[in-house]
Amino acid sequence: MIKFSLKCAENHSFDSWFQSAASFEKLARAGLVTCAECGSTDVTKGIMAPSVQSARDAAHATRTLAAPETAAQHAIATLREKVEASSEYVGTDFARKARAMHEGTAPERAIYGEARIDDARKLVEDGVPILPLPFRPARKVN
């Protein structure tokens, strides 16, 4: 796997992982590499420097997520904080619990979680008020 720094025609910068340099080229030519901010498929690799780390440094390194840089990234981070603070994470049981609340067999409360696309589609078709989130829920580990 290789991580590339990418830039779109609108000058938005972002990083993404690819199996190889050749796979990036193939996906980019097919229009399958898109900017997460504007959706542009006119994406090019930016200037990159290799990340070299000694074995001793690697053993003590901690991984942190990049801080939001753009207004859209800040908005998504703020939304995530609000959702996680005011809702219960129900994991992959989301569709069943949302349906039960809609049918009145479970008490209503704010929940978020994960659902397969076909289950989410059935909820929408049945009038269950759900909304896809623009982020993946953090996995809760006990």
Side-chain angles (χ1 to χ4, degrees), residues 1-53 55 57-142:
M1 296 291 286
I2 186 168
K3 180 176 147 184
F4 287 126
S5 293
L6 305 173
K7 187 176 276 191
C8 77
E10 298 294 320
N11 214 26
H12 299 128
S13 296
F14 55 101
D15 294 337
S16 190
W17 289 90
F18 296 90
Q19 191 172 23
S20 65
S23 68
F24 164 78
E25 297 297 336
K26 181 178 177 183
L27 292 169
R29 277 194 307 274
L32 298 175
V33 179
T34 60
C35 174
E37 214 166 316
C38 68
S40 172
T41 57
D42 187 2
V43 175
T44 58
K45 287 189 279 185
I47 297 173
M48 295 174 36
S51 177
V52 180
Q53 210 173 44
D57 290 343
H60 299 293
T62 58
R63 296 193 62 165
T64 59
L65 295 176
E69 296 176 359
T70 66
Q73 290 171 335
H74 281 285
I76 290 171
T78 300
L79 174 64
R80 180 183 201 132
E81 289 172 9
K82 287 180 181 179
V83 167
E84 290 176 350
S86 63
S87 306
E88 177 189 349
Y89 177 72
V90 295
T92 56
D93 210 19
F94 176 81
R96 186 183 68 76
K97 291 192 178 206
R99 183 172 299 283
M101 285 188 289
H102 181 70
E103 293 172 349
T105 59
E108 286 194 27
R109 65 194 192 282
I111 63 171
Y112 72 105
E114 301 167 56
R116 293 188 349 234
I117 190 72
D118 57 323
D119 290 335
R121 184 175 291 122
K122 287 177 191 171
L123 290 172
V124 170
E125 289 170 356
D126 293 343
V128 179
I130 64 168
L131 178 70
L133 298 173
F135 57 85
R136 291 187 61 100
R139 298 275 183 177
K140 302 287 183 180
V141 179
N142 293 335

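Bear in mind the structure is a predicted one, so any value in this text is a computation, not a measurement.
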Enquirer: Filter on salt bridge (Lys or Arg N to Asp or Glu O under 4.0 Å), then keep only pairs touching residues 11-39, sequence neighbours left out; what's left?
Expert: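 Found Lys3-Asp15, Glu25-Lys45.
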Enquirer: How long is the straight-line distance from CZ of Phe14 back to OG1 of Thr34, given to the nearest 0.5 Å?
Expert: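 Going from OG1 on Thr34 over to CZ on Phe14, the span is 7.0 Å.
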Enquirer: Please tabulate, one pair per line, all N/O donor-acceptor pairs under 3.5 Å involving side-chain atoms of residues 121-130, not counting sequence neighbours.
Expert:
| residue | atom | partner | partner atom | Å |
| --- | --- | --- | --- | --- |
| Asp126 | OD2 | Arg99 | NH1 | 2.9 |
| Asp126 | OD2 | Arg99 | NH2 | 3.1 |

Enquirer: Within this structure, what is the CD-CG distance for the pair Glu84 and Leu79, rounded to the nearest 0.5 Å?
Expert: 9.5 Å
Enquirer: Minimum heavy-atom separation for Ile111 to Ala98, with atom names?
Expert: CD1-N, 3.9 Å
Enquirer: Listed by chain and number, what are the side chain to side chain contact (heavy atoms under 4.5 Å, CB included) partners of Ser20, not counting sequence neighbours?
Expert: Ala22, Ser23
Enquirer: Provide the closest heavy-atom pair for Ala28 versus Val33 in the form atom of the first, atom of the second, distance.
Expert: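 Shortest heavy-atom contact: N-CG2, 3.7 Å.
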Enquirer: Taking atom CZ of Arg116 and atom CZ of Phe94, what is their separation to the nearest 0.5 Å?
Expert: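 One gets 14.5 Å once the value is rounded to the nearest 0.5 Å.
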Enquirer: Nearest 0.5 Å, what's the OG1-NE2 distance between Thr78 and His74?
Expert: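 The OG1 atom of Thr78 sits 8.0 Å away from the NE2 atom of His74.
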Enquirer: To the nearest 0.5 Å, what is the distance between CG (Leu27) and OG1 (Thr41)?
Expert: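 Leu27 atom CG to Thr41 atom OG1 measures 12.5 Å (nearest 0.5 Å).
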Enquirer: Return the minimal non-hydrogen interatomic distance between Asp42 and Ser40, and the atom names on each side.
Expert: N-OG, 3.0 Å
Enquirer: So with a 6.0 Å cut-off around CD of Glu108, is the heavy-atom count from everything else above 12?
Expert: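 Incorrect, the count does not exceed 12.
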Enquirer: Under the rule for salt bridge (charged side-chain N to carboxylate O under 4.0 Å, His left out), what residues qualify as partners of Glu10, not counting sequence neighbours?
Expert: none
Enquirer: Please enumerate all residues that pass ring-ring contact (aromatic ring centres under 6.0 Å, His included) together with Phe24, with sequence neighbours excluded.
Expert: Phe4, Phe18
Enquirer: Among residues two or more places apart or on two chains, list those pairs meeting salt bridge (Lys or Arg N to Asp or Glu O under 4.0 Å) that have a residue in residues 86-95.
Expert: Glu88-Arg109, Asp93-Arg96
Enquirer: Measure the spacing between CG of Asn11 and SG of Cys35 and express it to the nearest 0.5 Å.
Expert: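 Reported value, rounded in 0.5 Å steps: 10.0 Å.
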